[in-house]
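We count ligands from 1, going down the list as the structure has it; atoms in each ligand are counted the same way. Note that these values count all heavy atoms, side chains included, but never hydrogens, waters or copies made by symmetry. Position 1 is the first residue of the sequence; numbering continues from there.
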Amino acid sequence: MPLMEPYRIKVVEPIPITTAEQREAALVEAGYNQFNLPADVVTIDLLSDSGTGALSAAQQAASALGDESYAGARSFFRFREVAEELTGYPHLMPVHQGRAAERILFTALLKPGQFSVSNTHFDTTRANVELLGCTALDLPGPAARNLDEPSPFKGDIDLEALHRVLTDGTPVGLVIMTITNNGGGGQPVSMANLEAVAQLCRTHEVPFFLDAARFAENAWLVTQREPGYQNHTPREVARQAFDLADGCVASLKKDGIVNMGGLLALRDPDLAGRCELLLIATEGFRTYGGLAGRDLDMLAQGLREVTDPAYLATRADQSRYLGDLAVAAGVSIVQPAGIHAIYLNAGRLLTHLPPSAFPGHALALELYRRGGIRCAELGSLYLGEFDEQSELTKPAPHELVRLAIPRRVYTQSHLEYVAEILAEIAKDPERVPGYRLTHNPPLLRHFNCRLAPRA
Ligand SMILES: *Cc1c(COP(=O)(O)O)cnc(C)c1O
């Protein structure tokens with residue numbers, strides 16, 4: 001049977017259609033930073049897949065059952081039942097979003113000077129490690145370095161390098177595997193890699209966690225790509241991954257398919273007790289953790305829906321389709337296409353722009369200028385190093401643009417529209433202007449900076 005979305009649309013939201021003049025004025029007003037654009041001038045929003053998914057009718061119905069009792073709400077027990085069945089972890093704490101789980105876990109576990117080791121830390125995960133006076137060490141595998149090579153599991157950690165840091169006296173406080181590896185091109189992690197990491201952590205008595213924001217998407221790609229898993233359901237694979245670790249942090253704004261929510265789940269009762277004190281002090285009582293009862297009910301339902309193979313198959317197919325269209329238009333992508341996003345190789349397309357003119361940002365803004373499409377740069381503007389005069393001193397290794405695909409939101413024709421705008425840009429890329437920084441804040445630059453086109 002040909003692939004198609006296993007749902008139909010019941011509620012629609014009009015999308016803004018703008019003129020070229022309106023978009024140019026919006027760019028000036030925003031200081032050429034897409035984070036400053038108001039949503040009502042954005043036609044297709046591919047900035048993030050976080051909290052941007054569409055709720056199902058069943059989730060909306062569940063929301064009406066939300067129990068807003070301060071303590072012991074029925075909603076919590078419904079959430080806990082689903083999360084426990086999914087993960088197998090006995091201690092489950094809801095939090096308002098993923099970064100709250102990171103902060104609580106690391107505060108309870110890490111001592112200043114220790115290392116957190118990962119395939120790649122997500123940016124808030126890294127920030128929460130560093131805020132504690134610790135070091136976040138990324139050890140992506142060798143396959144991740146080659147953007148064009150379609151290796152199946154480019155999210156894997158470098159096991160040799162991990163073995164080295166676990167045996168050379170580095171004070172490793174924890175290992176955290178991000179599935180799928182968002183910072184590393186949205187690439188999946190194999191079960192073989194997770195098993196090897198679990199084994200190493202057990203041998204060296206280091207706690208091992210998952211950053212499980214996209215646990216279902218990772219599990220789906222395992223069933224498609226890893227020998228021996230073809231006959232497993234995504235839910236079975238996800239459970240096997242959770243079984244290997246001592247717990248997880250998760251932004252449920254991704255594979256929870258809700259607008260807000262997160263999870264901290266643990267096996268060790270002592271650690272869970274310490275985390276629970278921090279949870280109550282900073283998020284909320286243990287049966288709501290910063291969420292409303294209705295949020296917990298929508299989450300319980302979302303966590304059931306997200307492992308549906310028909311849903312995951314079409315989601316993966318959407319990203320692959322957009323990736324194929326981009327390549328056909330002459331724009332290279334990080335291969336293979338991820339599942340929550342595709343990553344465009346702007347450095348290769350805009351060869352007339354040096355890293356200091358921010359080719360990734362230039363391509364992202366051009367997609368907005370020509371088509372009202374919003375997306376994010378992952379290149380030298382975000383990851384480069386700068387001196388006091390805001391001159392780029394160390395470019396990022398690659399100049400990429402991430403097109404993140406919200407869950408159940410856009411149709412095939414929306415993606416074809418994006419590809420058409422991209423193809424138009426790729427016809428004469430030299431017309432795309434570069435940019436320079438006019439305001440460069442020392443912290444969280446990409447959110448708050450302002451730029452201007454280079455003359
Ligand atoms: C989104 C995300 C986070 C942070 O979660 P928030 O809900 O945005 O706080 C952490 N890790 C990964 C891999 C993510 O994608």
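- Remark: of the listed residues Arg235, Arg239, Arg304, Arg80, Arg235 is the sole one forming a side chain to side chain donor-acceptor pair (under 3.5 Å) with Glu85.
- With salt bridges taken as basic N to acidic carboxylate O contacts below 4.0 Å, none links Arg294 and Asp297.
- Atoms of ligand 1 found under 4.0 Å from any heavy atom of Lys254 (numbered from 1 in listed order, with element): 1 (C), 2 (C), 3 (C), 5 (O), 14 (C), 15 (O).
- At a cut-off of 3.5 Å, with distance as the only test, a side-chain donor of Glu102 or Thr124 sits close to an acceptor on the other residue.
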Practice problem: Give the intermediate values and the outcome of side chain to side chain donor-acceptor pair (under 3.5 Å) for residues Asp123 and Tyr382. | Solution: CA-CA 11 Å; Asp123 51 9; Tyr382 174 35; 2.5 Å; yes
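- The N/O atoms of Gly98, backbone and side chain alike, include one that comes under 3.5 Å of an N/O atom in ligand 1.
- Under the 4.0 Å criterion applied to side-chain N and carboxylate O atoms, Arg214 and Asp255 are not assigned as salt-bridge partners.
- The shortest contact between atom 8 (O) of ligand 1 and any protein heavy atom is with Arg99 NH2, 2.9 Å.
- In terms of polar-atom proximity, defined here as any N/O pair under 3.5 Å, Thr124 makes no such contact with ligand 1.
- Residue Thr178 has no N or O atom closer than 3.5 Å to an N or O atom of ligand 1.
- Not one N or O of Lys253 is nearer than 3.5 Å to an N or O of ligand 1, by distance alone.
- When only non-hydrogen protein atoms are considered, atom 6 (P) of ligand 1 lies nearest to Gln97 NE2, 3.2 Å.
- Between Arg202 and Asp246 there is no salt bridge, since no side-chain nitrogen of the basic residue lies less than 4.0 Å from a carboxylate oxygen of the acidic one.
- Taking a cutoff of 4.0 Å between a charged side-chain nitrogen and a carboxylate oxygen, Asp67 and Arg78 do not qualify as a salt bridge.
- At a 3.5 angstrom cut-off on N or O pairs, Ser50 does not count as close to ligand 1.
- Residue-to-ligand polar distances place Ser251 within reach of ligand 1: an N/O pair is separated by less than 3.5 Å.
- Nearest to atom 11 (N) of ligand 1 among the protein's heavy atoms is Asp211 OD2, 2.7 Å.
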